[in-house]
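First up is the structure itself, then whatever we jot down about it.
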There are 2 protein chains.
Amino acid sequence: MSHISTGVEYGLHCLLYLTGPGQGVTEASVRDLAEMQGVPVDYVAKLFTKLHKAGLVIATEGAKGGVALARPAHQISVLDVVTAIDGDKPLFDCREIRGRCAVFGDSPPGWATSGVCSIHAVMLQAEKRMRESLAEQSLADLSVRVNAKAPRAHGPHIVKWFEAKATGRRRDRGSSAVSE
Amino acid sequence: MSHISTGVEYGLHCLLYLTGPGQGVTEASVRDLAEMQGVPVDYVAKLFTKLHKAGLVIATEGAKGGVALARPAHQISVLDVVTAIDGDKPLFDCREIRGRCAVFGDSPPGWATSGVCSIHAVMLQAEKRMRESLAEQSLADLSVRVNAKAPRAHGPHIVKWFEAKATGRRRDRGSSAVSE
DNA sequence: GGAAATCTACTCGGATACCGCGTGTCCGAGTTATGGTGG
DNA sequence: CCACCATAACTCGGACACGCGGTATCCGAGTAGATTTCC
């Protein structure tokens, strides 16, 4: 199990499809988003409620509803997505062992427990560096880099797929709905 | 559960007692090291076998044995300890979702799966920053910083405690061993 | 033909099952110094 | 007095129990557009 969960991976991949024309669509249903990538639908739905609470996406309820980015893609950093889904769980949780030194007995002196544990400080520094690195990258940066590898026809393919999925679902009432 | 385990915390605290005169001793038994800090003995023993395999400490077997640093403290980085105990487990494990896009069908094209996933690349960069930060700090640095807070009499106290523990154990054969 | 009722698709939120992994414990094996014993 | 033996202390390594949290699934509630029905 990694520190950055697969939920973040799912979320990021989904959000990349929502970065607007050129690389995808601007709004889509969570179901379509999940089925597009072959990931569990219900799980992705839970992720998007977190993204919604964090203010990264806006959701329109009811039929024909869906989710969309709340801000332009270049104003959403990878760190935003990570903290929205995984929370800001620490890289390391200090158990304050420095105060348990046997020579202290039951009551450790003040100089031993005041301030931040030196080991903890090192870890916090490393965590800070990691966060800074994640904050430097925006969804737009990521989208550009992904799109650079794909042929020009791929973008329209994506859009077409979403449209076909939406209209197709609205048509088959009694035909394939029975066979299903 | 954090990415950097409590095992690393135990290990670092133990190693700090082994950074030589001034801040501690140069050699000690794993049992004493663990009891000094009130942490589980057997667990720490397992940690030191990892540290031994990684070449960070040397262990002399048999009675009167113990562990000691294999190199000077300034040549052992925090990253060395982390990787020795936790292994080099990745911050993020890519599930290669990019290849599962529904428009690809069963066989994703080469341009989609070649190279490193863009999202993965961002995470690797963040992980690299974190590692660099941990590599900058050595055991000696840490020891100096910890020692700066303690009063001057603390170092000798530590040494005395270890000596008393070792000689005391060798004496009580039948006296306190019965009462225990 | 238009308004109301129904139906469907969608987002939200909680409850729950599963499972891998970190934490902690226990025990046996191999090794070495120490203390006692017999020659 | 010296050689030998038993014992204790120590590291090493594997096996295993436990609990937590990430992953995944299911279901009910609420909402809004589309469809049907009824006057």
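Order of the sequence lines sets the chain letters (A, B, ...), proteins ahead of strands, with each chain counted from 1.
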Quiz item: If each of B:Ala28 and A:Ile4 is mapped to the nucleotide of DNA chain D with the nearest heavy atom, which maps nearer the 5' terminus, i.e. the 5' end?
Solution: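 Nearer the 5' end of the strand: B:Ala28.
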
Distance test, side-chain N/O of [X] to OP1/OP2 of [N], below 4.0 Å:
{"X": "B:Tyr10", "N": "C:dG24", "result": "yes"}
{"X": "A:His52", "N": "C:dT11", "result": "no"}
{"X": "B:Ser5", "N": "C:dT23", "result": "yes"}

Quiz item: Could you go step by step and tell me if B:His3 and B:Lys89 meet the side chain to side chain contact (heavy atoms under 4.5 Å, CB included) rule?
Solution: CA-CA 9 Å; B:His3 184 249; B:Lys89 65 176 173 185; 3.8 Å; yes

Minimum-distance nucleotide to [X] side chain [options: [options]]:
{"X": "A:Arg31", "options": "D:dA24, D:dC27, C:dC10", "result": "C:dC10"}
{"X": "A:Lys53", "options": "D:dT11, C:dT11, C:dG13", "result": "C:dG13"}
{"X": "A:Lys89", "options": "C:dT8, D:dT25, D:dG22", "result": "D:dG22"}
{"X": "B:Lys46", "options": "C:dG14, D:dG14, C:dC12", "result": "D:dG14"}
{"X": "B:Ala63", "options": "D:dA8, D:dT25, D:dG13", "result": "D:dA8"}
{"X": "B:Asp42", "options": "D:dC12, C:dC12, C:dC26", "result": "C:dC26"}
{"X": "A:Tyr43", "options": "D:dT23, C:dG24, C:dC12", "result": "D:dT23"}
{"X": "B:Ser29", "options": "C:dT23, D:dT11, C:dT25", "result": "D:dT11"}
{"X": "B:Lys64", "options": "C:dC10, C:dT25, C:dA33", "result": "C:dA33"}
{"X": "A:Arg95", "options": "C:dG13, C:dT25, C:dT23", "result": "C:dT23"}

Within this structure, what is the [atom1]-to-[atom2] distance between [X] and [N], rounded to whole angstrom?
{"X": "A:Gln37", "N": "D:dA24", "atom1": "CD", "atom2": "P", "value": "13 Å"}
{"X": "A:Glu61", "N": "D:dA29", "atom1": "CD", "atom2": "P", "value": "16 Å"}
{"X": "B:Asp93", "N": "C:dG20", "atom1": "CG", "atom2": "P", "value": "14 Å"}
{"X": "B:Ile97", "N": "D:dT23", "atom1": "CD1", "atom2": "C1'", "value": "13 Å"}
{"X": "B:Phe48", "N": "D:dG13", "atom1": "CZ", "atom2": "C1'", "value": "17 Å"}
{"X": "B:His3", "N": "D:dG21", "atom1": "NE2", "atom2": "P", "value": "17 Å"}
{"X": "A:Phe162", "N": "C:dC10", "atom1": "CZ", "atom2": "C1'", "value": "15 Å"}
{"X": "B:Glu27", "N": "C:dA33", "atom1": "CD", "atom2": "P", "value": "12 Å"}

Exercise. Show your working on side chain to side chain contact (heavy atoms under 4.5 Å, CB included) between A:Glu9 and B:Cys94 and close with a plain yes or no.
Key: CA-CA 8 Å; A:Glu9 186 173 11; B:Cys94 185; 3.6 Å; yes

Quiz item: Contact class for B:Lys50 (heavy atom, under 4.0 Å): base, sugar-phosphate, or nothing?
Solution: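 It contacts nothing in the nucleic acid.
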
Quiz item: Under 6.0 Å between the ring centres of B:Phe104 and A:Trp161?
Solution: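 When the ring centroids of B:Phe104 and A:Trp161 are compared, they turn out to be at least 6.0 Å apart.
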
Quiz item: Do B:Asp88 and B:Thr83 meet the criterion of a side-chain donor-acceptor pair at a distance under 3.5 Å?
Solution: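 No, because no side-chain N or O of B:Asp88 sits under 3.5 Å from a partner of the opposite role on B:Thr83.
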
Exercise. Applying side chain to side chain contact (heavy atoms under 4.5 Å, CB included), run through A:Ile119 and B:His13 and close with a yes or a no.
Key: CA-CA 8 Å; A:Ile119 292 178; B:His13 273 107; 3.7 Å; yes

Practice problem: Specify the residue among A:Thr49 and A:Gly62 whose closest nucleotide of DNA chain C lies further upstream toward the 5′ end. | Solution: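 The 5'-side residue here is A:Gly62.
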
Exercise. Measure the shortest side-chain to side-chain distance between A:Thr49 and A:Lys53 over non-hydrogen atoms and say whether it is less than 4.5 angstrom.
Key: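 SC-SC contact between A:Thr49 and A:Lys53 ruled out.
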
